[in-house]
Protein chains: 2
Amino acid sequence: MTQAHISSEEEIKERTSGWLSRLAEQGYRITGSRRAVVDVLAEAGTSLSPAEIYEQGRALHKQLGLVTVYRTLEKLEELGLVQRVHRPDGCHAYIPALHGHEHLLLCQQCGRMEYFRGDDLSELSRRLEGESGYTIKDHWLQFFGLCAQCQ
Amino acid sequence: MTQAHISSEEEIKERTSGWLSRLAEQGYRITGSRRAVVDVLAEAGTSLSPAEIYEQGRALHKQLGLVTVYRTLEKLEELGLVQRVHRPDGCHAYIPALHGHEHLLLCQQCGRMEYFRGDDLSELSRRLEGESGYTIKDHWLQFFGLCAQCQ
DNA sequence: GATATAATTGAAAACAGTTTTCAATAACTG
DNA sequence: CAGTTATTGAAAACTGTTTTCAATTATATC
Ligand SMILES: [Mn+2]
Ligand SMILES: [Mn+2]
Ligand SMILES: [Zn+2]
Ligand SMILES: [Zn+2]
């Protein structure tokens, strides 16, 4: 059964502190700059490019440098806490990582983003394997449209 | 019904001359450089980055410049003859454009690429619309795996 | 709380992919 | 074939990303 989902305040708080403790656990120091990057991205309702994170992050920690944004994203990605997505416009952006088998639904207007689970492509996948001779390992699936506010 | 598909020699020839006449039709001149870019990409069995097209294109037309590769891709894309895809590694690449409702199946090992049609996501799409309040306009779907040769 | 140590920082420089500028060249028209 | 004008490649400029490095700061230890 499909299930679309937006993060609540509650979940965002937990996500933020979860990411920070995960960083600390790995021996990384918790600095104002890292906190800013984590805060911005953990509560993002849209995917954010490094430049966008930098811009928003400076509101929280004015001396934040773009270089540190990149470095922090790298670490968060290594720990599986965030992931890179491709935007239709071609630029790279980051989102809180999908858990297990989830996909994205994106608003073409405002960039708002929802996660969903419950897609079942196994039959299609099996048919394709038969016809093509490929062994299928993975798939990318993303839906685009207009969110309730934007229609 | 699903249908996977690799291009035959025949289709490649037609594609090449089709692209060239389409360019001519639009008033663009047919030059050695453009011919090289068209030849390389029209017969590609994998997606190709501008740098890769440049490299292969110089075998056909030695004075080809990378700038012209970009410029020719731009025109082919405007005419809907080629399209940009995102590679897992993050770099941009080009493929002969999908026609109508087609998607890609890509080999993770060698980059080989097949087109297929016949996916039906309408039910999933409808369920998502109901749950999320979005109006869904479009989807991206791509399968990854190992081709027959690479397993 | 003060101190020592090593990780982290931001600025500047370097780098990679892409686009713009420009004078020379070559494709099409008549 | 000659004239016109689009097209070319080289170099310069730009944008997104990574590396270098000396100064700063988080943490562990006292
Ligand atoms: Mn799926
Ligand atoms: Mn489809
Ligand atoms: Zn929206
Ligand atoms: Zn393969």
Side-chain angles (χ1 to χ4, degrees), chain A residues 17 19-41 47-79 82-94, chain B residues 17 19-41 47-79 82-94:
Chain A
S17 64
W19 290 6
L20 289 172
S21 23
R22 198 68 204 298
L23 284 168
E25 217 167 80
Q26 296 292 316
Y28 293 122
R29 295 180 179 177
I30 305 305
T31 67
S33 297
R34 285 184 179 155
R35 210 181 281 277
V37 171
V38 164
D39 282 354
V40 168
L41 191 51
S47 67
L48 295 172
S49 67
E52 290 163 343
I53 294 169
Y54 171 57
E55 198 183 341
Q56 296 186 29
R58 279 203 300 182
L60 305 177
H61 184 74
K62 49 195 166 323
Q63 70 265 40
L64 175 63
L66 179 56
V67 185
T68 300
V69 173
Y70 279 101
R71 289 192 280 227
T72 305
L73 288 172
E74 188 176 71
K75 287 176 179 67
L76 292 171
E77 193 176 18
E78 274 165 22
L79 297 177
V82 310
Q83 71 181 58
R84 240 158 88 124
V85 293
H86 298 277
R87 282 189 184 161
D89 67 357
C91 107
H92 293 147
Y94 287 82
Chain B
S17 64
W19 291 5
L20 289 172
S21 22
R22 198 68 204 299
L23 284 169
E25 217 167 82
Q26 296 293 313
Y28 294 123
R29 296 180 180 176
I30 304 306
T31 67
S33 297
R34 286 185 177 153
R35 209 182 282 277
V37 171
V38 164
D39 282 354
V40 167
L41 191 51
S47 67
L48 295 172
S49 67
E52 290 163 344
I53 294 170
Y54 171 58
E55 198 182 344
Q56 295 186 31
R58 279 203 299 181
L60 306 176
H61 183 76
K62 47 195 167 323
Q63 70 264 40
L64 175 63
L66 179 56
V67 186
T68 301
V69 173
Y70 279 102
R71 288 192 280 226
T72 304
L73 288 172
E74 189 176 70
K75 286 175 179 67
L76 292 171
E77 193 176 17
E78 274 166 22
L79 297 178
V82 310
Q83 71 180 58
R84 241 157 88 124
V85 294
H86 298 279
R87 283 188 182 163
D89 66 357
C91 107
H92 293 146
Y94 289 81

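Numbered from 1 within each chain, the chains take letters A, B, ... in sequence-line order.
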Visitor: Taking atom P of dT18(C) as reference, at what distance in whole Å does atom CG of Leu73(B) sit?
Guide: 10 Å

Visitor: Considering residues at least two apart in sequence or located in another chain, which fulfil the salt bridge (Lys or Arg N to Asp or Glu O under 4.0 Å) criterion with Arg29(A)?
Guide: none

Visitor: Rounded to whole angstrom units, what separation is found between the CG atom of Leu66(B) and the P atom of dA10(D)?
Guide: 10 Å

Visitor: Atom CZ of Arg35(B) and atom P of dT8(D): how far apart are they, to the nearest Å?
Guide: 12 Å

Visitor: Rounding to a whole Å, what distance do you find between Glu74(A):CD and dT17(D):C1'?
Guide: 11 Å

Visitor: Where along residues 51-62 of chain B does a heavy atom come under 4.0 Å from DNA chain C, residue by residue in number order?
Guide: none

Visitor: Enter the inter-axis angle for the ends of the helix from dG1(C)-dC30(D) to dG30(C)-dC1(D) (five pairs per end, rounded to 10°).
Guide: 40°

Visitor: Between P on dG10(C) and CZ on Arg34(A), what's the gap in Å once rounded to a whole number?
Guide: 10 Å

Visitor: Determine which pairs satisfy side-chain hydrogen bond (donor to acceptor under 3.5 Å, both in side chains) with at least one residue from residues 62-76 of chain A, sequence neighbours left out, and list them in order.
Guide: none

Visitor: Report, as a single string ordered 5' to 3', how protein heavy atoms within less than 4.0 Å touch nucleotides 20-30 of chain D: B base, S sugar-phosphate only, - not at all.
Guide: B-----BS---

Visitor: Tell me the closest heavy-atom pair linking Ser17(A) and Ser21(A), and the distance in Å.
Guide: O-OG, 2.6 Å

Visitor: By salt bridge (Lys or Arg N to Asp or Glu O under 4.0 Å), which residues pair with Arg22(B), not counting sequence neighbours?
Guide: Glu25(B)

Visitor: What is the ring orientation for His92(B) with His92(A), classed by angle as parallel under 30°, tilted 30 to 60°, or perpendicular over 60°?
Guide: tilted

Visitor: Hey, mind stepping through Val82(A) and Trp19(A) against side-chain contact (heavy atoms from CB on, under 4.5 Å) and telling me if it holds?
Guide: CA-CA 9 Å; Val82(A) 310; Trp19(A) 290 6; 3.5 Å; yes

Visitor: Any non-hydrogen side-chain atom of Ile30(A) less than 4.5 Å from a side-chain atom of Val38(A)?
Guide: no

Visitor: For a side-chain contact (heavy atoms from CB on, under 4.5 Å) check, start with the C-alpha distance between Tyr94(B) and Leu76(B), then their side-chain angles and the critical distance, and finish with the verdict.
Guide: CA-CA 10 Å; Tyr94(B) 289 81; Leu76(B) 292 171; over 6 Å; no

Visitor: From NZ of Lys75(A) over to C1' of dA7(C), roughly how many Å is that when rounded to an integer?
Guide: 10 Å

Visitor: Output all residues satisfying salt bridge (Lys or Arg N to Asp or Glu O under 4.0 Å) with Glu78(B), sequence neighbours left out; order by chain, then residue number.
Guide: none

Visitor: At less than 4.0 Å, is any side-chain N or O atom of Ser33(B) found next to OP1 or OP2 of dG9(D)? Yes or no.
Guide: yes

Visitor: What side-chain donor-acceptor pairs closer than 3.5 Å can you find for residues 47-61 of chain B, not counting sequence neighbours?
Guide:
residue	atom	partner	partner atom	Å
Ser47(B)	OG	Arg87(B)	NE	3.2
Ser49(B)	OG	Glu52(B)	N	3.2
Ser49(B)	OG	Glu52(B)	OE1	3.4
Glu52(B)	OE1	Ser49(B)	N	2.8
Glu52(B)	OE1	Arg87(B)	NH2	2.7
Tyr54(B)	OH	Arg58(B)	NH1	3.2
His61(B)	NE2	Ser33(B)	OG	3.3

Visitor: Can you check nucleotides 12-16 of chain D for protein contacts, nitrogen or oxygen pairs under 3.5 Å, and list what you find?
Guide:
none

